[in-house]
There are 2 protein chains.
Amino acid sequence: MVDFITNHYPLVTLAVALIALLYVAITTKRVLGYEEGNDLMKKLSRSIRAGASAFLKRQYTVVAIFFVVIAAILGVMAILGILNPYMPFAFLTGGIYSGLAGFIGMKIATACNDRTANACQHSLNQGLRVAFSAGSVMGFTVVGLGLLDVSVWLILLKYVFAENADTITNAIVTFGMGASSMALFARVGGGIFTKAADVGADLVGKVEAGIPEDDPRNPAVIADNVGDNVGDVAGMGADLYESYFGSLVSAAALGVAAFRQTANEITMTKALIVPLLLAAVGIICSILGTFLVRTKENTDQKSLLAALSRGTNFSAVLVALAAFPLVWFVLGSQYIGLYGAILAGLLAGVLIGKATEYFTSDSYKPTRKLAANSETGSATIIIGGISLGMLSTALPIIIIAVCILGAFFLAGVGFANGSLAFAVNEGLGLYGIALAAVGMLSTLGITLATDAYGPIADNAGGIAEMAGLDPEVRERTDALDSLGNTTAATGKGFAIGSAALTALALVASYRDQIIQLSGGKFEFDMRLMNPAVLVGLFIGACLPFVFAALTMESVGKAAQSIVLEVRRQFKEIAGLMDGKAEPDYKACVDLCTRSSLREMILPSVIAVVVPVIVGLLLGPNGVIGLLAGSTATGFLIAIFMSNSGGAWDNAKKYIESGAHDGKGSDQHKAAVVGDTVGDPFKDTSGPSINILIKLLSVVSIVFGALVLNFNLFNLL
Amino acid sequence: MVDFITNHYPLVTLAVALIALLYVAITTKRVLGYEEGNDLMKKLSRSIRAGASAFLKRQYTVVAIFFVVIAAILGVMAILGILNPYMPFAFLTGGIYSGLAGFIGMKIATACNDRTANACQHSLNQGLRVAFSAGSVMGFTVVGLGLLDVSVWLILLKYVFAENADTITNAIVTFGMGASSMALFARVGGGIFTKAADVGADLVGKVEAGIPEDDPRNPAVIADNVGDNVGDVAGMGADLYESYFGSLVSAAALGVAAFRQTANEITMTKALIVPLLLAAVGIICSILGTFLVRTKENTDQKSLLAALSRGTNFSAVLVALAAFPLVWFVLGSQYIGLYGAILAGLLAGVLIGKATEYFTSDSYKPTRKLAANSETGSATIIIGGISLGMLSTALPIIIIAVCILGAFFLAGVGFANGSLAFAVNEGLGLYGIALAAVGMLSTLGITLATDAYGPIADNAGGIAEMAGLDPEVRERTDALDSLGNTTAATGKGFAIGSAALTALALVASYRDQIIQLSGGKFEFDMRLMNPAVLVGLFIGACLPFVFAALTMESVGKAAQSIVLEVRRQFKEIAGLMDGKAEPDYKACVDLCTRSSLREMILPSVIAVVVPVIVGLLLGPNGVIGLLAGSTATGFLIAIFMSNSGGAWDNAKKYIESGAHDGKGSDQHKAAVVGDTVGDPFKDTSGPSINILIKLLSVVSIVFGALVLNFNLFNLL
């Protein structure tokens, strides 16, 4: 059986990918069978759906132009022979699949917001069932499409073009550029949209007009709900598609590279398929896990959380068990240490998630202390939140450091002549780091499901409010939403941790590609004392700062335009405040769409252009420095901004639950300032940086030949 | 003459150091001759002086314990033979001189605050004359003591112990640890004191009690003024002493290292003395520059600024001219490219200063745009300030990158056989980078004078307010203060830029030391692919975040205790608000002293302990990664925090000058929130990080032998 798998691995992974998509189809059919609720709810849901679809359509149109331009450039490079001919097509498929993952996630989410609200009219449990099912459609769409994309290309390369393992991995590692570009556009564009609408709606609605959140009189309220779908759902879908896909292809490439010098074609192929099979096993385990997410009717929030945890923990344990025979039988006992690397990744993901939860949940000291800062006003809560976020980088750094060292050295452990032996092997070590990332993401199907249902519940709450449903319904959707915050913290841990590991793996792939491209002639001098490396490191370290600044500024600019529009409507539409006239929701949605699409261009272009320019000026050594620098600070800034934002959000909710004089107090106002600052931190800049650091690497890989042949250092 | 200088260089530098200190003595005598003003002014000045002296006394006592402990550890290491025997003593002198620089600066500043206020009763010009003279006492104390410390040690090593150049530089590069430790304590402790008092005074005084700034009824007002002296003056003095000293010794060490393989003892000695002579030349040129800082009576602010610029520009041009013959005659035409490196440093300092000014002065677009953010409330001004600061890192990074590359490659240029030739030489290149830092700081005497007079003018304003002087006086001190902001921006450019270059030079010195210590046996594998380097890089990159978080939290905690004390006094002291009873100023000063001394311990200990632990776990390769990572992110975070803070400060002042509805408006309140957040950013965390990155390097150097012999990687 091992031989069959080794010989026909793309068919095996294709089969599992199709199983995942079949699960998606069945779940979709089931979830669409739920009732949508009354006419007003249907109408509201339709407005949100229409707005979100319109945004995605226009966004994808803009992105399509970018893709055509880049594909054309790649095409010219392919014709000139400095790029393999599959590349332009692979670039396009990566983008299309990534966009598709976001699109499907958004479709199901907007179809289920009213259904979730309606289900919450019956019970909390039914609400969870609808929202979680919708979330799992998203989760398994992402992993299914990811594995499908890889499998189809492998089938083409292996059976149609009859390439060997070496060429195959060289080709597929570059596929990531399409997925990463699409993901960056989706995260940045969607993130700007959602936060501009949110901040804009709050600033005029809550603060100036004094009407509550999600009040139908607020002209920006639909835009706000649309934002949740295009940012938190579609953006997240494209983002995690990219993470998943990136970890798979970089691990495959490093596996082949690890055995290039020493082993035959068969071992290289085996190393190539281990990450893919691990992903396949993870999908099966995740599907099994979803069946455990069920509770009795009339249950409380705590047992709901237990149900969710049961599902994800079961899947993780199952993967941990299944990965052992996988490594043992496919690669052989000689490389069993790689199993340790996979476990290290799984464990690190869980621990980073716990650390995130500790720093951002109001059940723990840091967020409670932050809430107490509200006693002395908004300045102290801002200072407190920033220092909380900065401090919270230490634990994940240590976890990731131990994981890197563990994966690297464990990879050198294995049975030789019947006894366990150890030898440091750099190639295997880097492969181990990449496998740790795959291990971390192997249960993405179910962890993403527990993550993605949060925004759906959030939307359901909005619809319940706007449709004037019983306050109990809103309480239930809020309970689901806050539950989602806890599971989302874990999800974030996996996303951030895997981004760092995958980025490192991609840096290693970059080195291999350059050496391969130069026919072994180029010798890296990546010592930190080399000024090109140092300068690259400095510039790379700076990029996440600049990127975060630009995206935050964009949110500010877009929000400002919403503020003006909402003010205008309040002034010009007679009877709006009395509920006699309807606001022009569509105008706000359009405005958000236009401004966020305009603002997403610059940051994305920078991410593509800078590594090429640095490469042309400083050569491949400078690029290696750039990638290492951007990975290190990118990882830190992503954690800092996500956790500061998350803690402010939860500190505000904690105060709203009655602490520090509760809602409406001065303390609450201070906490709202913190939350508003945290919005672009956690939902726009922070998550985009995870994509940025990988996009920089894949862009460098794709333009590697160009940089290798034409750079200023060649002249020295 | 060149031969005489080469043979007796320590005597030459000693002579110049004494000239600087003579200039200090003369200026001090002159400035103390000015009138102090009326009795109330004298009394206020005395209170501030007493508070500042009490703080420094207690601070130095705490720090002394730390120094004794570390010196004992070093002593044991010296006895065991893994450290050279001069080291414990050098460590102590570095600390003592650094502390002395801060102490003298503080003494003269607190003696001149009432004198400046009094002089401002006559004219703006007289005010400038007093404040600038006091500032130049501080400036030339720093450079004089710095050069004195090096010279005395060189005399001892050369004439008394008869060591060769190699041993001498090995010894003196480690001297920096004392200076850096002292500087870190001074900056962190003083920074916490000043900002806790400032924030505490504002939160209760301005916001709760509704009394203006510097109102004598506010119990924290004296503490606030004491803070300016212990933080902005004594802290800055110790800080810049450390920068200056660090750049000198690292350049000397790299000079010797550059010629170790290829040249004889004489060339090594010449390379050792070039940075010292450059510093000596810089001191002379700076003294000459101060004579140009004079204006006519009845002048306006613009021509005052012109007078200050005339002084600094003249000194810089003079140094640029004098450095050419210095390099030519001492090292010879073969190494004339090093002159280019010095120029690159000077130029980079000026340009970073300009970039800082652009991003933080309200004469330019960024700060004006930030002020406009106040229209939509405090959340948007916070987001705007953070993104401004993050974005402002790009220009300095590019400038420093070009400077590094320029200095590195220019160092390889020189005359060979009568024609200009070029060859890449890593040793010379690193020496070039270190010389660029020395070049940047060569005019520190006068640039620090233009920087240090700001807080003196600030204090003078406080005294004018409290003593109820004519409002015109306050206007004049404000004019001086705002002038100081502009010149301080330039000063900051030099401080930050030189910190990055010196930190890099120290990293290079670390490598040399380890190789020397191992007798050439240890081979660095500082490729970024080495997991020890990578993990070190991640941890190093994280340290500035953690450090910034801890120091900000400390300010918050200390400020909170001041708030409680001020509230208590307002409640318990009858007649305080009516001006009938005097508040207990001393209680607030004591409280600030205690809490800031308690809070300064942890961050400082972390800076000393972490590099040793990382070294023991990951070995010297891990330490190199750590140092590179902390230098890169430290540089970025220092700029980010300084510029965000500076821009918020000036945006607030811009609004107070009448823009966006002026003082008292909602926009102004939003700007005050920004300013309060910015206070610990720019005056506590930001500047401390500049010291942190160098301290990490020198600690690593000092404990190099320990790490080399006992680390976990040795077991692999």
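A, B, ... follow the sequence lines: proteins, then strands. Residue 1 opens every chain.
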Q: Locate the shortest heavy-atom distance separating B/Ile383 from A/Thr676; write the atom from each residue and the value.
A: CD1-O, 3.8 Å

**Q.** Max heavy-atom pair count under 4.5 Å with chain A, selected residue of B/Pro531, B/Pro680, B/Ala394, B/Ala541
**A.** B/Pro531

Q: Grab the two heavy atoms, one from A/Ala628 and one from B/Leu528, that are nearest each other, plus how far apart they are.
A: CB-CD1, 3.7 Å

**Q.** Taking every non-hydrogen atom, the tightest pair across B/Ala549 and A/Leu391
**A.** CB-N, 3.6 Å

(Q) For A/Leu430, which atoms come within 4.5 Å of any heavy atom of chain B: side chain, backbone, both, or neither? (A) side chain

Q | Interface moiety of B/Ile397 toward chain A, non-hydrogen atoms closer than 4.5 Å | A | side chain

Q. Tell me, side chain or backbone of B/Val555 under 4.5 Å from chain A's heavy atoms, or both, or neither?
A. neither

Q | Pairwise distance CG(A/Leu504) to CG(B/Leu537) - rounded to 0.5 angstrom | A | 9.5 Å

Q | Nearest atoms (heavy-atom pairs only) where B/Val673 meets A/Ser378 | A | CG2-OG, 3.6 Å

Q. Within a strict 4.5 Å, meaning less than it, do heavy atoms of the B/Met390 and A/Met552 side chains meet?
A. yes

**Q.** Euclidean distance, B/Ile539 CD1 relative to A/Ile400 CD1, rounded to 0.5 Å
**A.** 12.0 Å

Q.
Can you tell me which of A/Thr380, A/Leu550, A/Thr393 forms the most heavy-atom pairs within a distance under 4.5 Å of chain B?
A. A/Thr393

Q.
With rounding to the nearest 0.5 angstrom, report the OG to CZ distance, B/Ser387 to A/Phe545.
A. 13.5 Å

Q. In Å and rounded to the nearest 0.5 Å, what is the CD to CG distance from B/Glu426 to A/Asp525?
A. 7.0 Å

Q) So which part of B/Lys557 gets closer than 4.5 Å to some heavy atom of chain A, the side chain, the backbone, both or neither? A) neither

Q.
Nearest 0.5 Å, please: how far is CZ in A/Phe681 from CD1 in B/Ile386?
A. 3.5 Å

**Q.** A/Asn373 versus chain B, the contacting section by heavy-atom distance below 4.5 Å
**A.** side chain

(Q) Please classify the contact between B/Ile639 and chain A as side chain, backbone, both or neither, with a heavy-atom cut-off of under 4.5 Å. (A) neither

Q | A/Lys369, part contacting chain B, at a heavy-atom distance under 4.5 Å | A | side chain

(Q) Between B/Phe635, B/Phe538, B/Phe640, who has the most heavy-atom pairs with chain A when the cutoff is under 4.5 Å? (A) B/Phe538

Q: Check B/Leu618 against A/Leu405 and note the closest heavy-atom contact, atom names and distance.
A: CD2-CD1, 3.7 Å

Q) Quick one: of B/Thr376, B/Thr633, B/Asp675, B/Val199, who has the most non-hydrogen atom pairs under 4.5 Å with chain A? A) B/Thr376

Q. Under a 4.5 Å heavy-atom cut-off, does chain A meet the side chain of B/Ile433, its backbone, both or neither?
A. neither

Q: Identify which of B/Val546, B/Leu636, B/Thr551 forms the greatest number of heavy-atom pairs closer than 4.5 Å to chain A.
A: B/Leu636

**Q.** Straight-line distance of A/Arg511 CZ to B/Met529 CE, nearest 0.5 Å
**A.** 5.5 Å

